[in-house]
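Computed over heavy atoms, backbone and side chain alike; hydrogens, waters and symmetry mates excluded.
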Amino acid sequence: VTNDNGCIDSVTKGITVYETPVASATMSDSVGCAPFGVTFTNNSSGTNTYLWDFGDGRSSPVANPVIKYAVGGQYKSSLRVVTDIGCISSVTEKEINVANMPKADFTATAPFCQYGEISLNDLSQPLGTSVKNWYWNFGDGQLDSVQTGSVFFHRYSNAGQFNVKLYVKNMLGCVSDTVIKSIAVA
């Protein structure tokens with residue numbers, strides 16, 4: 001620095017520039033069925049504050065949180081870390097896909113006659129992804145597992161009351177509850 005009289009002075013001071021932390025995280029799984037539990041693992045080093053955002057309105061300062069996604073959807077979780085002196089990382093993001101549980105349902109078309117072909121119409125709701133498998137128990141000792149169709153057929157060799165059961169599995173492996181409907185075959 002030079003003043004009006006031509007005097008020159010200078011000052012030298014050392015400064016420390018700290019490294020920006022790098023946020024790093026893994027998760028136990030990224031695709032599943034609601035309710036879907038995910039364990040997030042912080043792999044960042046040299047940090048002591050964690051800023052998690054789970055993409056569903058929730059957040060956490062815990063280093064390794066465990067979260068349950070109750071509703072199907074696509075979520076973008078993120079982690080930002082902060083060092084003890086206040087250096088903030090960039091954000092690391094992870095995608096999570098959660099499918100709702102499918103709902104099995106069907107109707108049976110009359111008449112229900114012994115040796116006659118009975119039509120079972122699938123009314124299942126996949127809820128977010130398509131149905132991959134239908135699992136039928138016709139109540140007469142006969143089982144069937146199929147991968148395509150919306151109308152299924154079965155013949156009863158005996159008359160009587162039969163509890164027909166159906167559950168479905170979607171493309172992500174989510175399994176519905178079993179729906180049971182009674183059919184009287186004459």
Side-chain angles (χ1 to χ4, degrees), residues 22-44 47 49-82 89-110 117-154 162-183:
V22 176
S24 175
T26 56
M27 51 191 171
S28 56
D29 203 353
S30 62
V31 177
C33 308
F36 180 56
V38 179
T39 300
F40 292 91
T41 303
N42 168 42
N43 298 317
S44 310
T47 59
T49 302
Y50 312 98
L51 308 168
W52 290 96
D53 181 335
F54 303 110
D56 64 351
R58 294 180 293 166
S59 60
S60 174
V62 176
N64 300 304
V66 177
I67 299 299
K68 265 202 197 295
Y69 290 92
V71 178
Q74 292 187 329
Y75 302 96
K76 189 177 284 189
S77 66
S78 64
L79 170 64
R80 181 173 290 205
V81 293
V82 182
S89 73
S90 58
V91 174
T92 184
E93 295 180 334
K94 302 285 183 185
E95 293 283 334
I96 300 162
N97 293 304
V98 181
N100 285 314
M101 300 302 283
K103 292 186 180 181
D105 196 11
F106 67 95
T107 60
T109 304
E117 191 169 71
I118 294 175
S119 173
L120 303 165
N121 303 298
D122 178 49
L123 301 175
S124 299
Q125 300 173 23
L127 301 178
T129 183
S130 59
V131 172
K132 180 179 179 185
N133 297 92
W134 291 260
Y135 298 92
W136 294 94
N137 179 333
F138 298 105
D140 62 353
Q142 299 296 313
L143 306 174
D144 197 4
S145 171
V146 292
Q147 294 186 352
T148 61
S150 59
V151 179
F152 304 90
F153 300 97
H154 185 69
F162 299 96
N163 287 324
V164 179
K165 300 175 184 178
L166 170 67
Y167 71 91
V168 296
K169 185 187 295 186
N170 69 17
M171 298 301 281
L172 293 177
C174 307
V175 178
S176 72
D177 289 335
T178 299
V179 63
I180 302 170
K181 295 190 179 182
S182 185
I183 294 177

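- Counting only heavy atoms from C-beta outward, the side chains of L120 and T107 never approach each other to under 4.5 Å.
- Once rounded to the nearest 0.5 Å, the distance linking CH2 of W52 with CD1 of I67 reads 9.5 Å.
- Within the model, atoms CG of D53 and OG of S59 stand 6.5 Å from one another, a figure rounded to the nearest 0.5 Å.
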- Could you go through the ring pair (Phe, Tyr, Trp, His ring centres under 6.0 Å) check for F106 and W136 one step at a time? CA-CA 11 Å; F106 67 95; W136 294 94; 5.1 Å; yes
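- Judged purely by distance below 3.5 Å, without hydrogens or angles, the side chains of S130 and N170 never pair a donor atom with an acceptor atom.
- Separation of atoms NZ (K94) and CE (M27) is listed at 6.0 Å; rounding is to 0.5 Å.
- Atom CG in D56 sits 14.5 Å away from atom NZ in K76 (nearest 0.5 Å).
- Salt bridge present: K181 and D105 bring a charged side-chain N and a carboxylate O closer than 4.0 Å.
- T39 places none of its side-chain heavy atoms less than 4.5 Å from the side chain of N64.
- Counting heavy atoms from C-beta outward, F40 and I96 have side chains that approach closer than 4.5 Å.
- Within the 4.5 Å cutoff, no side-chain heavy atoms of V164 are placed close to those of I180.
- Cation-pi contact between R58 and Y69: present, with separation from the ring centre below 6.0 Å and deviation from the ring axis of at most 45°.
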- Pair T26-N43, side chain to side chain contact (heavy atoms under 4.5 Å, CB included): steps then yes or no: CA-CA 7 Å; T26 56; N43 298 317; 3.2 Å; yes
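- A 4.5 Å side-chain heavy-atom check between Y135 and K169 finds at least one atom pair inside the cut-off.
- A side-chain donor-acceptor contact under 3.5 Å links S176 to the backbone of V168.
- Scanning both residues, S24 and N42, for their nearest heavy atoms gives O-OD1, 3.5 Å.
- For the pair N121 and S119, the tightest heavy-atom approach, listed with the atom from each and the gap, is OD1-OG, 3.5 Å.
- The two residues S90 and A23 come nearest to each other via the heavy atoms O-CB, 3.7 Å.
- Within a 6.0 Å radius of CG in D177, other residues, nucleotides and ligands contribute 12 heavy atoms or fewer.
- Note that K68 lies outside the cation-pi zone of F36, set by a 6.0 Å cut-off to the ring centre and a 45° limit from the axis.
- Using modelled atom types and a 3.5 Å distance limit, the side chains of H154 and D140 yield a donor-acceptor pair.
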- Start with the C-alpha distance between V22 and V81, add both sets of side-chain angles, then the distance that settles side chain to side chain contact (heavy atoms under 4.5 Å, CB included), and finish with yes or no. CA-CA 7 Å; V22 176; V81 293; over 6 Å; no
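- Taking OG1 of T109 as the reference point, atom CD of E117 lies at 11.0 Å (rounded to 0.5 Å).
- In this structure, the separation between CG on L79 and OG on S89 is 6.5 Å, given to the nearest 0.5 Å.
- Put simply, the side chain of F152 reaches to within 4.5 Å of the side chain of W134, judged on heavy atoms.
- For T47 (side chain) and T49 (main-chain N/O), no donor-acceptor pair under 3.5 Å exists by modelled atom type.
- For the pair C33 and V98, the tightest heavy-atom approach, listed with the atom from each and the gap, is C-CG1, 4.2 Å.
- Contact annotation: the side chain of F54 approaches that of P65 to within less than 4.5 Å [non-hydrogen atoms, C-beta and beyond].
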